[in-house]
Amino acid sequence: MPRTDLLLADPRLAEAERRLGRALVKAAVSRAQQQARDGQIAPEQVADVAVAELPARATALTPVINATGVLVHTNLGRAPLSAAAVDAIVAAAGTCDVEFDLVAGVRSRRGAGALDALARAVPAAEAVAVVNNNAAALVLAATALRRPDAEEIVISRGELIEIGDRFRLPDLLVSTGARLREVGTTNRTTLADYAAAAGPRTAFILKVHPSNFRVEGFTAAVTVAELAGLGPPVVFDMGCGLLVPHPLLPGEPDAATALRDGAALVTASGDKLLGGPQAGLLLGQSGLVRTLRRHPLARALRVDKLTLAALEATLAGPVPPVATALAADPASVLERAERAVARLASAGLDARVAAAKAAVGGGGAPGVELDSAAVSLPESLAVPLRRGEPAVVGRLESGRLLLDLRSVAPADDASLVDAILATAVAAAAGRALS
């Protein structure tokens, strides 16, 4: 039996130890040695078996090609970061000047670059702040903006929303100790309803964008501009992360418009339509934002240097992938699908071009369909593709696997086709052996 120290000296395992750490590599060696002791492999195969078993990286997270057609897929990590944001994370991964002035040699404002970039992106905001997600932004607002004599948050019953994983907004707000003053009905809330509820005990009026559903028919809602005239500050939970209006999403609210309409504070997500890292953005009146920043809870909700770096690069750098996918020309997506299918069909695969409808996802623009095109494959390839490296995730429709290219970066087209070909070859080999 090869000795452990000699096996760990194998160049392949020594390199793996540098990437993965000694514990992972040594455990793989021990398992391979046990297989040799059990007679499952020959002693000279131990090193090869150990190398083959090692993961590609020291995390269980697997890179995925998102071919679902959902541009911001919550289960797949929401917004993919731009190359500039990835580079920024790498730069910040070591020691960096996250809150240090290199010229003066003294402590400075934490994440000044990211905050300045956010302020430039939304000039209508008097001040800005960043916490770790949009729920945290709401918790901070509900905690810091209340007073002993003003603990009520006025909110429409039609905006007491629930999002994924059974997360309910009213539960979050009540957990802070706030008292909710519900007004209106599920489908209709008027300005008079808010006016009757707002008073001396009102901490603020909360307007929530119901981003993952639509209510149609006999409905009524009140705008931010109307609410702003009632007196108490208006906090708008926009959620989607759209900072300025988007021509393809006329029904989706944006931070700049909400602030101009009189919102005292806007909260939004950084990893949705903004296309950046997970973060909760706070934009609004300087006095309110200062109150939030100085509250003790803000320290518990602050973001780390990697998020600050990625956020700044997203705001100041090139167009992020989500924005690129949203603005993609359907004709160009169709051409990409045709090129992919031509290559797959020439290799003998049952591949076809299929018209498709993509979606924004991530709780943004519910009901909005985006023209797209997909590579249609046999349904039997769905599981093998999900188990590949990189993993490929599509959607099943009418007994076929559709790989929607609107949510795939054009630079990943070749990798997608290579993954399909490799999976098909492996599947064919498995059938031949059986």
Subject >> Under 3.5 Å donor-acceptor, Lys207 side chain and Val222 backbone >> reply: yes
**OP:** Spell out, as yes or no, whether a donor-acceptor pair under 3.5 Å connects the side chain of Arg336 to the backbone of Val408.
**Re:** yes
Original post:
Is a donor on one side and an acceptor on the other found under 3.5 Å between the side chain of Asn66 and the backbone of Val70?
Top reply: yes
Original post:
Between the side chain of Ser407 and the main-chain N/O of Leu71, is any donor-acceptor distance below 3.5 Å?
Top reply: no
**OP:** Assess the side chains of Thr219 and Asn187: does a donor N or O sit below 3.5 Å from an acceptor N or O?
**Re:** no
**OP:** Considering non-hydrogen atoms only, spot the tightest contact between Leu381 and Ala424 and give its length.
**Re:** CD2-CA, 4.3 Å
Original post:
What heavy-atom pair brings Ser372 and Val333 nearest, and what distance separates the two atoms?
Top reply: OG-CG1, 3.8 Å
Original post:
salt bridge (Lys or Arg N to Asp or Glu O under 4.0 Å): which pairs involve residues 126-151, sequence neighbours left out?
Top reply: Arg147-Asp149
Original post:
Does a side chain donor of either Thr190 or Asp193 reach within less than 3.5 Å of an acceptor in the other side chain?
Top reply: yes
Original post:
With sequence neighbours left out, what residues match Arg168 under salt bridge (charged side-chain N to carboxylate O under 4.0 Å, His left out)?
Top reply: Glu162
Original post:
Which of these, Leu281, Leu118, Asp116, Leu115, sits in a side-chain contact (heavy atoms from CB on, under 4.5 Å) with Leu315?
Top reply: Leu118
**OP:** Check whether any side-chain N or O of Asn134 sits under 3.5 Å from a backbone N or O of Ala268 as a donor-acceptor pair, and report yes or no.
**Re:** yes
Subject >> Any donor-acceptor N/O pair, Arg386 side chain to Ala391 backbone, under 3.5 Å >> reply: no
Original post:
Counting distance only, does the side-chain N/O of Arg352 pair as donor-acceptor with the main-chain N or O of Val341 below 3.5 Å?
Top reply: no
Subject >> Pairs involving residues 247-272, ordered by first then second residue, that meet salt bridge (Lys or Arg N to Asp or Glu O under 4.0 Å) (sequence neighbours left out) >> reply: Arg78-Asp271
